[in-house]
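Notes to accompany the following structure.
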Amino acid sequence: MNIEVILPDGSQRHYPAGTTALDVAKSISEGLARVVLAAEVNGQIWDLHRSLPEKCSLSLLKWDSDGGKYAFWHSSAHLLAEALEALYPGIKLGIGPPVENGFYYDIDFGDYAFSSNDFEQVEAKMLELAKQENRFERSEVSKAEAIRFFTEKGDPYKLELIDGLEDGSITFYKQGNFTDLCRGPHLPDTGKIKAVKLLNTAGAYWRGNEKNKQLTRIYAVTFPSSKELKEHLERLEEAKKRDHRKLGKELELFTFSEKVGMGLPLWLPKGAMLRERLENFMRKAQVRAGYEQVITPHIGSKQLYVTSGHWEKYGQDSFRPIYTPHEGEEYLLKPMNCPHHCEIYKSKPRSYKDLPVRLAEFGTVYRYEQHGELHGLTRVRGFTQDDAHLFCRPDQVKDEFKKVIDLVLYVFNALGFSEYTAQISLRDPLNKTKYIGTDEAWEKAENAIIEAAQEKGLRTVTELGEAAFYGPKLDFMVRDALGRKWQLGTIQVDYNLPERFELEYTGSDNQKYRPVMIHRAPFGSMERFVAVLLEHCGGKFPLWLSPEQVIVLPISEKFKDYAENVSQLLNYHDIRSFVDNRDEKIGRKIRDAEVQKTPYMLIIGEKEVSDSVVSVRKHGEGDIGVMSPEGMLEYLKLEINRQIQPV
RNA sequence: GCCGUUGUAGCUCAGUGGUAGAGCACUUCCUUGGUAAGGAAGAGGUCGACAGUUCAAUUCUGUUCAACGGCUCCA
């Protein structure tokens with residue numbers, strides 16, 4: 001009795017030396033021992049087979065925990081590698097970590113072009129190996145031994161990894177005939193892996209560096225039962241249905257044309273209507289928050305961006321300058337609105353009493369995005385930011401920043417985004433040359449963001465090296481239907497552009513001072529925001545945003561006039577209503593309106609005309625009874641007001 | 001930009017070394033129908049583009065363009 005274990009419920013148990021987490025699980029119940037996957041020992045994730053330290057807190061991780069999944073998929077990556085080595089002798093292994101929804105392994109296949117045609121074979125081999133219930137054996141090896149092993153095996157990538165490791169910290173894991181350099185932890189044995197699915201392949205640079213060789217990355221996912229795999233695949237299917245590119249086409253919101261150019265979205269009438277609503281919503285919120293709207297041109301003199309530093313930083317990787325025909329003057333498609341707004345600030349002398357000055361613009365900008373990067377509406381070459389720049393006194397920065405956080409949260413709340421993460425993006429302290437400005441300015445800006453976020457009680461993650469080149473950021477991220485993370489709103493504190501543009505204001509002592517700039521865009525870009533919103537609501541927009549709010553469906557031609565009158569009444573009161581006058585049966589018209597996700601259908605037949613009412617059908621719910629046209633109008637207004645007045 | 005996959009009618013997709021097909025959408029006609037697809041006829045495609053192999057290419061090969069899955073990048 002010389003090991004003391006504290007379980008998550010606080011209870012203490014004593015075991016003999018050499019006891020493993022799996023032994024503890026068995027001592028609690030056989031059932032637990034069957035499902036436990038890994039252990040958290042003093043806050044670190046451990047293999048179940050490792051002997052516990054003398055005194056430890058222990059929690060047993062099952063499939064329902066992140067740590068359990070992590071170990072499960074990590075072990076699955078080894079299983080994948082084992083299967084691949086068996087099937088394709090001579091391949092070289094890169095790394096194979098677990099990720100959020102599964103795992104991958106980077107493989108150098110030499111000349112062989114591994115493709116999805118090979119998946120089935122590999123899956124079968126993995127299951128075959130899993131059934132052998134091979135134990136994952138952990139061993140600590142010296143650096144020399146590790147080097148000897150992989151030199152004999154002829155695996156340059158592993159050797160490169162070992163090169164960066166300290167002697168004494170190196171561990172191997174072996175299952176069956178496969179040994180890998182690995183920190184662990186792993187499952188007790190391969191037998192837990194019951195369902196396997198290879199998802200796709202992709203090119204991935206070795207160590208994420210584009211100068212290195214590109215390996216074949218195989219993405220896969222595994223589960224403790226085939227039922228869970230099935231559910232997972234169904235979720236992926238559902239996500240595909242919500243893909244904004246698919247919904248955008250089906251609902252006729254936007255399109256792309258090769259002739260117009262890649263990454264340049266064309267907004268169709270319905271999409272434009274949606275965007276207009278969002279913009280108006282933002283305008284109103286901004287007016288309430290003391291913003292002033294400005295408008296600036298789509299191009300700007302190159303000198304403007306030389307001043308701002310954008311030219312030096314991005315000029316080479318940007319759209320080329322355009323030239324005037326005779327003078328040869330250089331202009332750039334504007335990649336940013338801020339330099340223009342700086343010049344607006346400078347258009348007249350500013351007093352400390354005037355600050356903050358808040359200049360807002362739905363500014364369309366153009367950036368050269370790499371060919372392979374373009375993605376639906378989320379990554380485009382021309383897009384409109386709901387941009388604004390706040391010019392304030394240093395003593396106002398934190399307060400202004402907090403007000404912007406309020407605005408962003410108001411917007412997210414009104415649109416139903418409850419799941420977002422806030423990320424504080426700071427400068428990379430090891431690579432300061434990537435950034436402009438003094439250490440002092442950076443420190444002030446970073447502290448302002450950290451304090452404002454803290455005081456607002458935001459839950460944040462902090463990322464070093466993610467800042468903009470002129471200042472730190474607070475970014476709001478959400479996920480798309482396929483689980484990819486996208487940055488939406490952003491708030492940035494900037495001490496540098498005011499310096500470069502020599503912005504000033506006159507203080508109460510009649511001296512000149514530099515204002516501080518805050519860049520902010522709650523939506524980020526209209527394009528990306530619409531994409532994320534579209535996936536978020538699966539195309540079923542809240543009533544106030546719906547491009548077609550109401551469709552009036554006359555049962556036959558005879559009721560056309562009445563239908564038109566009802567529609568006009570609604571249109572007159574700013575409800576977007578349309579009449580489906582096609583020579584189709586009512587069932588057909590209803591189906592089409594349902595497919596288009598129109599929120600309300602008003603059915604007009606003989607009864608409705610003689611009673612002066614409309615029959616109301618709600619999308620996804622069906623018949624909700626009759627109302628007078630005026631009653632319907634009130635009903636709709638009420639719903640809209642409720643939606644855009646967040647509590 | 002890099003690796004891999006794909007590219008046939010407006011959309012979703014079959015198909016073939018001998019100049020193409022379905023469903024939906026579209027047009028016309030019939031039907032005036034009560035809560036998720038009424039019927040008939042018709043029109044519509046240099047099979048992504050350009051080369052090459054071949055008697056013959058949409059099909060095979062190469063190049064290129066674009067989309068998709070990732071990687072690198074993202075003011």
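Just so we're on the same page: letters track the sequence lines, and every chain starts at 1.
Between B/U32 and B/G39, the two C1' atoms lie 14 Å apart (nearest whole Å). Remark: the separation of the P atoms in B/C65 and B/A49 is 15 Å, to the nearest Å. A distance of about 16 Å separates the C1' atoms of B/C24 and B/G38, rounded to the whole Å. Atom P of B/C50 sits at a distance of 12 Å from the matching atom of B/U46, rounded to the whole Å. One C1' atom belongs to B/U12, the other to B/A51, and the distance between them is 32 Å to the nearest Å. Comparing the P positions of B/A22 and B/C55 gives a spacing of 34 Å, expressed to the nearest Å. Here, B/C26 and B/G10 have their P atoms 14 Å apart, quoted to the whole Å.
A/Ser308 comes within 4.0 angstrom of no nucleic acid atom, judged by non-hydrogen atoms across all strands. Across all strands shown, A/Glu608 has heavy atoms under 4.0 Å from base atoms, whether or not it also approaches the sugar-phosphate. In this structure, A/Thr201 reaches the bases: a heavy-atom distance under 4.0 Å links it to at least one base atom across the strands shown. Within 4.0 Å of A/Phe256, counting heavy atoms only, lies no atom of the nucleic acid at all. Counting non-hydrogen atoms under 4.0 angstrom, A/Glu606 reaches a base of the nucleic acid. Nucleic acid contact for A/Asn200: sugar-phosphate only, since backbone atoms but no base atoms lie under 4.0 Å from a heavy atom of the residue. A/Arg617 comes within 4.0 angstrom of a base, heavy atoms only. Contact annotation for A/Tyr470: backbone-only contact, meaning every heavy-atom pair under 4.0 Å involves sugar-phosphate atoms and none involves a base. A/Gln487 comes within 4.0 angstrom of no nucleic acid atom, judged by non-hydrogen atoms across all strands. Contacts of A/Gly605 with the nucleic acid, taken as non-hydrogen atoms under 4.0 Å apart, include base atoms. A/Gly208 comes within contact range of the sugar-phosphate backbone alone, with a heavy-atom separation under 4.0 Å but no base atom that close. Contact annotation for A/Glu258: backbone-only contact, meaning every heavy-atom pair under 4.0 Å involves sugar-phosphate atoms and none involves a base. Residue contacts for A/Lys589: at a heavy-atom cut-off of 4.0 Å it reaches no nucleic acid atom on any strand shown. Residue-level contact check: A/Ile586 touches the backbone only, with heavy atoms under 4.0 Å from sugar-phosphate atoms and none from bases.
The ring of A/Tyr314 has its center no closer than 6.0 angstrom to the ring center of A/Tyr368. Taking the six-membered ring for Trp and the full ring otherwise, A/Tyr435 and A/Tyr470 have centroids separated by 6.0 Å or more. Checked against the 6.0 Å centroid threshold, A/Tyr635 and A/Tyr600 count as a close aromatic pair. Between A/Phe319 and A/Tyr366, the distance from one ring center to the other does not fall under 6.0 angstrom. Between A/His341 and A/Phe391, the distance separating the two ring centers is not shorter than 6.0 angstrom.
For A/Tyr205 against B/G70, no side-chain N or O and base N or O form a donor-acceptor pair under 3.5 Å. Between the side chain of A/Gln214 and the base of B/C2, at least one donor-acceptor pair of N or O atoms lies under 3.5 Å. For a distance-only test at 3.5 Å, the side chain of A/Arg379 qualifies as a donor-acceptor partner of the base of B/C73.
Listed pair A/His371 / B/A67 meets the phosphate criterion, a side-chain N or O lying under 4.0 Å from OP1 or OP2. Put simply, A/Lys585 has no side-chain N or O that comes within less than 4.0 Å of OP1 or OP2 on B/A36. The shortest distance between the side-chain N/O atoms of A/His310 and the OP1/OP2 oxygens of B/A75 is not below 4.0 Å. Between B/A36 and A/His619, no contact under 4.0 Å exists linking OP1 or OP2 to a side-chain N or O. Contact between the side-chain N/O atoms of A/Arg245 and the OP1/OP2 oxygens of B/G69 is found at a separation under 4.0 Å.
Checking B/U35, B/G70, B/G33 against every side-chain atom of A/Ile590, the shortest atom distance belongs to B/U35. Checked against B/C74, B/U35, B/U32, the side chain of A/Ile603 finds its nearest nucleotide in B/U35.
Each of A/Ala467 and A/Phe114 has a nearest nucleotide on RNA chain B; the 5'-most of these lies closest to A/Phe114. Each of A/Lys473 and A/Val595 has a nearest nucleotide on RNA chain B; the 5'-most of these lies closest to A/Val595.
With A/Asp243 as the partner, the side chain to side chain donor-acceptor pair (under 3.5 Å) test is satisfied by one option alone out of A/Lys246, A/Lys241, A/Arg245: A/Arg245.
Note that CG of A/Leu602 and OG of A/Ser577 are 6.5 Å apart. Values are rounded to the nearest 0.5 Å.
When only modelled atom types and interatomic distance are considered, A/Glu548 and A/Ser546 share no side-chain donor-acceptor pair under 3.5 Å.
By the 5.5 Å and 30° criteria, A/Tyr314 is stacked with the base of B/A75.
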